[in-house]
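Read through the structure below, which is laid out as structure tokens, and then see the notes.
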Amino acid sequence: MNQSALRVGLRFAACAGALFLVVRLYTRVIHVNPTTVALTFLVSVLMVSAVWGLRYALFTAFVAAAAFNYYFLPPTGTFTIAETQNWVALFALLTTAVIASQLSDRARRQADDAVGRRRELERLYSFSQQLLTADNVLQLLNAVPHHVVESFGVSAAVVYVPDKGNIYRSGIEAPELDVDQLKSIMARGEPMVDDARNLSYTPLKMGVRTVGAIGVAGNLSRQTLAAMGSLIAIAVERANAVETLARSEAAREGERLRTAILDSVTHEFRTPLTSIKASITSLLSTTGLSPDDRQELMTVINEECDRLNRLVGEAAEVAQLESHEFQLDLQECRVLDLVQAAVTDVRQTAGKHPMEIRVPGEITVRLDADRIKEVLVQLLENAAKYSPLESPIRITAELKGANLEVSVADQGAGIDDMEQVLIFDKFYRGKNQRYRVQGTGMGLAIARAIVEAHGGKIGVTSQLGCGSVFYFILPARP
């Protein structure tokens, strides 16, 4: 209070001092006519009104009128006015100064109001941007009170949404902002400002439907409260819609996956079962089989059992990799040794495909050798399956900065642009190849999971009729 009174007193003294300087200037330094003096006093009143407000301008106007009478209207040195025209001049000065100060003060207040509204709009815009960062309703409701405190400068905020059965707080403890009060605000459906307790409330309205209420410890305008409530309600509805859409997408994806699994099971699992069943039936029903025929049928049964075992193993490995229930055994390994070991493992399935290895012998990185060899095997088998017989397959590896890049190139039919983003999904197989080439569509999914577990990425570049290049990039020192 003392500081405020001192500031007010100093401003009044400054107004009087400015007028005193004008009087000294025009009486001792520059001699001018009364009209010039009156205009100078008017300018002084307008400046004071624009800077400090109406009450200081009125004080300046009355002091200026007294100084004008005493120093510049004859007889000077007294407050007596001898001529009627001097009375007119004095009252013209006083009236003009008062009116001008009022107009200037009104313009200043309107400018302050405009600045205040602009700031409120900026706060609301910033607040709306923050509300768009959450797609989950619970995450949004937990963040809203903090955003309100941060954006609008209030000391506390509380949000209540009946559908979620909880209240969400931020800022200092404010016992006055309780659930009962927020429920009553929801029932009223209108913003409320409690000046006595410095509290503000508003319902969260989406059109004519009220989804909740918010209370803040601070005085906000009703317009700001209404806009804030609408923005929060829209954000809540948007988050609900995103969650619903996500559930729908998950359901569609689950249905697509079930369809893919059924397709894979009926095609890939039934084929070896059919061969096993036919071989066993022949062994049981035919008595005149030669030893060679029996041996051939037993070999078919053994190979198809191995195939079934591999299919089941791949499905189990995909589940294990995606659940991250495995540990990488990271060791220093020479990349050339891994490539040569992978080529040896696929030699039988690759048939007559020549393998071109372009890997410098000095490249050594830290990785899980068994897992990365499995990735190479999957890529090499994939290249052999989808390439013409006896076409070469090229394996390259090189260090690029802090990363190791390994690629497997074939001369197959290529992959359509639309399918390149799908072939690493579980059970997905090319639409033109799924019935021509055996497979379950799990190999590339396994390769992707292993590479991503190393902190790397896997991809493909391909052009129809020109072959494909599958590559994966790993950090050289994970």
Side-chain angles (χ1 to χ4, degrees), residues 333-347 349-363 365 367-369 371-434 436-476 478:
C333 302
R334 202 163 72 110
V335 177
L336 179 59
D337 294 340
L338 290 179
V339 172
Q340 290 173 340
V343 170
T344 301
D345 286 354
V346 301
R347 181 60 65 186
T349 57
K352 297 181 180 181
H353 289 281
M355 299 288 179
E356 300 178 6
I357 301 176
R358 300 180 181 178
V359 180
E362 68 276 8
I363 298 180
V365 295
L367 44 76
D368 188 324
R371 294 289 187 181
I372 296 301
K373 187 183 79 169
E374 185 178 0
V375 172
L376 289 168
V377 168
Q378 295 286 2
L379 296 181
L380 291 172
E381 288 183 345
N382 191 73
K385 286 179 183 179
Y386 296 98
S387 300
L389 294 176
E390 300 185 6
S391 62
I393 297 174
R394 186 173 67 252
I395 308 105
T396 61
E398 59 181 329
L399 286 174
K400 290 186 176 180
N403 296 321
L404 168 69
E405 182 170 334
V406 181
S407 62
V408 175
D410 61 53
Q411 297 181 5
I415 304 170
D416 185 81
D417 291 343
M418 297 294 294
E419 290 191 302
Q420 290 182 23
V421 297
L422 301 173
I423 57 175
F424 292 98
D425 292 345
K426 296 188 299 292
F427 304 108
Y428 183 85
R429 302 182 64 208
K431 59 184 179 180
N432 297 324
Q433 307 290 340
R434 62 184 61 179
R436 188 176 68 84
V437 180
Q438 292 183 352
T440 61
M442 289 187 286
L444 292 179
I446 292 173
R448 181 177 67 175
I450 292 174
V451 170
E452 290 178 351
H454 280 77
K457 65 177 182 177
I458 190 170
V460 61
T461 57
S462 182
Q463 185 176 357
L464 291 177
C466 300
S468 304
V469 179
F470 285 84
Y471 64 89
F472 61 91
I473 301 173
L474 301 175

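By convention here, the first residue in the shown sequence is residue 1.
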* Asked: Are the side chains of Phe470 and Val406 in touch, meaning some heavy atoms are under 4.5 Å apart?
  -> no

* To do: Answer yes or no: is there a side-chain heavy-atom contact under 4.5 Å between Val359 and Glu398?
  => no

* To do: State, with a plain yes or no, whether a side-chain heavy atom of Arg371 is found less than 4.5 Å away from one of His454.
  => yes

* Asked: Between Ile357 and Gln340, does a side-chain contact (heavy atoms from CB on, under 4.5 Å) hold up when you go through it step by step?
  -> CA-CA 8 Å; Ile357 301 176; Gln340 290 173 340; 4.3 Å; yes

* **N/O donor-acceptor pair under 3.5 Å between Ser387 side chain and Ile393 backbone** => no

* Just one of Val451, Val365, Val335, Val375 clears the side-chain contact (heavy atoms from CB on, under 4.5 Å) bar with Leu474, so which one? -> Val451

* Non-hydrogen side-chain atoms of Arg347 and Val343 separated by less than 4.5 Å -> yes

* Asked: Looking at side-chain heavy atoms only, is the closest gap between Tyr386 and Ile415 below 4.5 Å?
  -> no

* To do: Quick one: pull up CG in Asp345 and CD in Glu374 and give me the separation to the nearest 0.5 Å.
  => 10.5 Å

* Calculate, to the nearest 0.5 Å, the distance between atoms CD1 and CD1 belonging to Ile473 and Ile458 respectively. => 10.5 Å

* Taking side chain as C-beta onward, heavy atoms only, is Arg394 less than 4.5 Å from Val408? -> no

* Asked: Can you tell me how far OG1 of Thr344 sits from CE of Met355, rounded to the nearest 0.5 angstrom?
  -> 10.0 Å

* Compare all side-chain heavy atoms of His353 with those of Pro392 and state whether any distance is below 4.5 angstrom. => no

* Can you measure from CD1 (Ile395) to CG (Leu338) and round to the nearest 0.5 angstrom? => 12.5 Å

* To do: For Thr461, check side chain to side chain contact (heavy atoms under 4.5 Å, CB included) against everything at least two apart and list the hits.
  => Val469, Tyr471

* Could you give all pairs that pass the salt bridge (Lys or Arg N to Asp or Glu O under 4.0 Å) test and reach residues 403-413, with sequence neighbours left out? -> Lys400-Glu405

* Roughly how far apart are Ser407 OG and Arg358 CZ, rounded to 0.5 Å? -> 9.5 Å

* Asked: Are side-chain heavy atoms of Leu444 and Gln378 found at a separation under 4.5 Å?
  -> no

* Once you round to the nearest 0.5 Å, how far does CG of Leu399 lie from CD of Glu362? -> 8.5 Å

